[in-house]
Amino acid sequence: MKVTINDVAKLAGVSMKTVSRVINKEPSVRKKTYDIVMDAVNTLNYQPNLAARNLAGTSSFTVGLVYDNPNAYYVIDMQNGVLSRCKEEGYELVIHPCSYTDSNMEADFKTMIKRSRLAGLVLTPPLSEQNSIIDMLDEMGIHYVRVLSGRPSDEDQDTCIYVNDYAAAYEITAHLLSLGHKNIGFLCGDKEHKSTTERLEGYQAALKDHNIAINNALVYEGQYSFESGVEGAKALLGENNPLKITALLGGNDEMAAGALFASRLMGIEIPEQLSITGFEDSPFSRQTWPKLTTAHQANDVISQHAARLLFRKTRGARNQDKDIITTFTPSLVIRESSGPNSAS
């Protein structure tokens, strides 16, 4: 028979209300009582009925993760990070894909929130960057945390987890410059993403700090996809490489993998004739040959901290989580795809 909260209370020798307070992680519960109840929970393998908890009162025990990103690796990492924290907090997770270009997106979004009775939301780019969505959530009184590209100086540290793409792009560009590369091409991702602007500005700042003039002809405006990387490499390197490019910085690993593929088709050796770097350290970066130099972006950890920040907001005084990181800087990972400029 299914174990009930009454069974847990009997085994622990406490009231059902005390068991409920322990399960809901209320800070007023004494540690000794908490340990006794949790021992009973584990012994009986008790699984709280979250649907019943949602229906039983005004509190909701469900949060949502909303995304519009074609990169399956990114979505899975974000999902796993939020889900792991939900399990610790005793919450369910609703995962909802959206298309920010859909004219009915906001109405569908609002319907989903009401139907699911969400306690809060974690928003990922580019949805997290849409002011109209944020205004709608504020009007509805819904707690939310946004994951988006930004810097430690950005003002909103209470509802945002920032990824410092600017600093990471600067570091990758500086790495290529240290190898003697000066004509460095840049493959931009979707212009609607703030990360595209931040990464481009980091690249340009590194060139400027190394006294290299910015040449817009070296920048290809594309999308965060393998196919766009192929097209970008062909556009920048085609017709015998008139721009004399010796290195390419991909807006993400998929673009870099596409550029590597196109370069091979053009008979260009990597990294002997051309260095290529990516961004994010997705499985793409380790499945190519040579493996891609990239910037490691711990999306699962980032989303865990986004969930922690959300629970701190939804639980209020009951949540004492103070070690939340609100700005992450992807770190340089040097692999075989980048090497010295043979022409220098």
Side-chain angles (χ1 to χ4, degrees), residues 164-189 195-222 226 228-282 284-297 329-344:
N164 196 342
D165 291 304
Y166 173 92
Y170 186 104
E171 186 177 16
I172 293 176
T173 307
H175 163 68
L176 292 171
L177 291 167
S178 73
L179 294 172
H181 299 284
K182 294 183 179 179
N183 286 357
I184 303 171
F186 188 88
L187 304 174
C188 281
S195 60
T196 298
T197 302
E198 291 289 314
R199 293 172 190 181
L200 177 61
E201 290 182 357
Y203 153 82
Q204 292 173 333
L207 294 178
K208 183 178 179 181
D209 288 349
H210 288 78
N211 299 313
I212 296 176
I214 294 172
N215 182 356
N216 291 328
L218 298 176
V219 177
Y220 175 81
E221 294 185 2
F226 180 92
S228 187
V230 171
E231 294 304 316
K234 288 180 178 179
L236 293 177
L237 303 173
E239 299 297 327
N240 299 316
N241 191 8
L243 297 171
K244 306 301 180 186
I245 292 173
T246 62
L248 279 179
L249 198 166
N252 70 353
D253 292 328
E254 288 185 66
M255 296 189 80
L260 193 154
F261 176 77
S263 300
R264 285 282 176 75
L265 292 179
M266 290 184 279
I268 299 172
E269 294 295 325
I270 312 296
E272 292 80 8
Q273 295 175 284
L274 177 73
S275 289
I276 298 178
T277 64
F279 207 106
E280 292 177 7
D281 196 22
S282 74
F284 269 100
S285 67
R286 301 181 292 278
Q287 292 166 354
T288 62
W289 183 255
K291 295 178 181 178
L292 290 171
T293 292
T294 187
H296 175 66
Q297 184 171 307
T329 301
S331 56
L332 178 66
V333 179
I334 299 174
R335 298 195 180 109
E336 297 87 353
S337 69
S338 60
N341 179 7
S342 58
S344 64

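As the structure is a prediction and not an experimental result, all values here were calculated from the model.
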Test your reading of the model: is there a side-chain donor-acceptor pair from [X] to the backbone of [Y], 3.5 Å cut-off?
| X | Y | answer |
| --- | --- | --- |
| Asn164 | Thr329 | no |
| Ser337 | Ile276 | yes |
| His210 | Ala206 | yes |
| Gln273 | Glu269 | yes |
| Arg199 | Ala169 | no |
| Asn252 | Glu280 | no |

Partner set under salt bridge (Lys or Arg N to Asp or Glu O under 4.0 Å) for [X], not counting sequence neighbours:
| X | value |
| --- | --- |
| Asp253 | none |
| Arg264 | none |
| Glu221 | none |

Residue list, side-chain hydrogen bond (donor to acceptor under 3.5 Å, both in side chains) with Ser338, at least two apart or on another chain: His175, Thr293
Residues in side-chain hydrogen bond (donor to acceptor under 3.5 Å, both in side chains) contact with Asp209, at least two apart in sequence or another chain: Tyr170
Glu272 atom CD: more than 12 heavy-atom contacts under 6.0 Å: yes
Partner residues of Ala168 under the side chain to side chain contact (heavy atoms under 4.5 Å, CB included) criterion, sequence neighbours left out: Phe279, Ala295, Pro330
Cationic N near anionic O, under 4.0 Å, Lys208 to Glu201: no
Working for side-chain hydrogen bond (donor to acceptor under 3.5 Å, both in side chains), residues Arg335 and Ser285: CA-CA 9 Å; Arg335 298 195 180 109; Ser285 67; 3.2 Å; yes
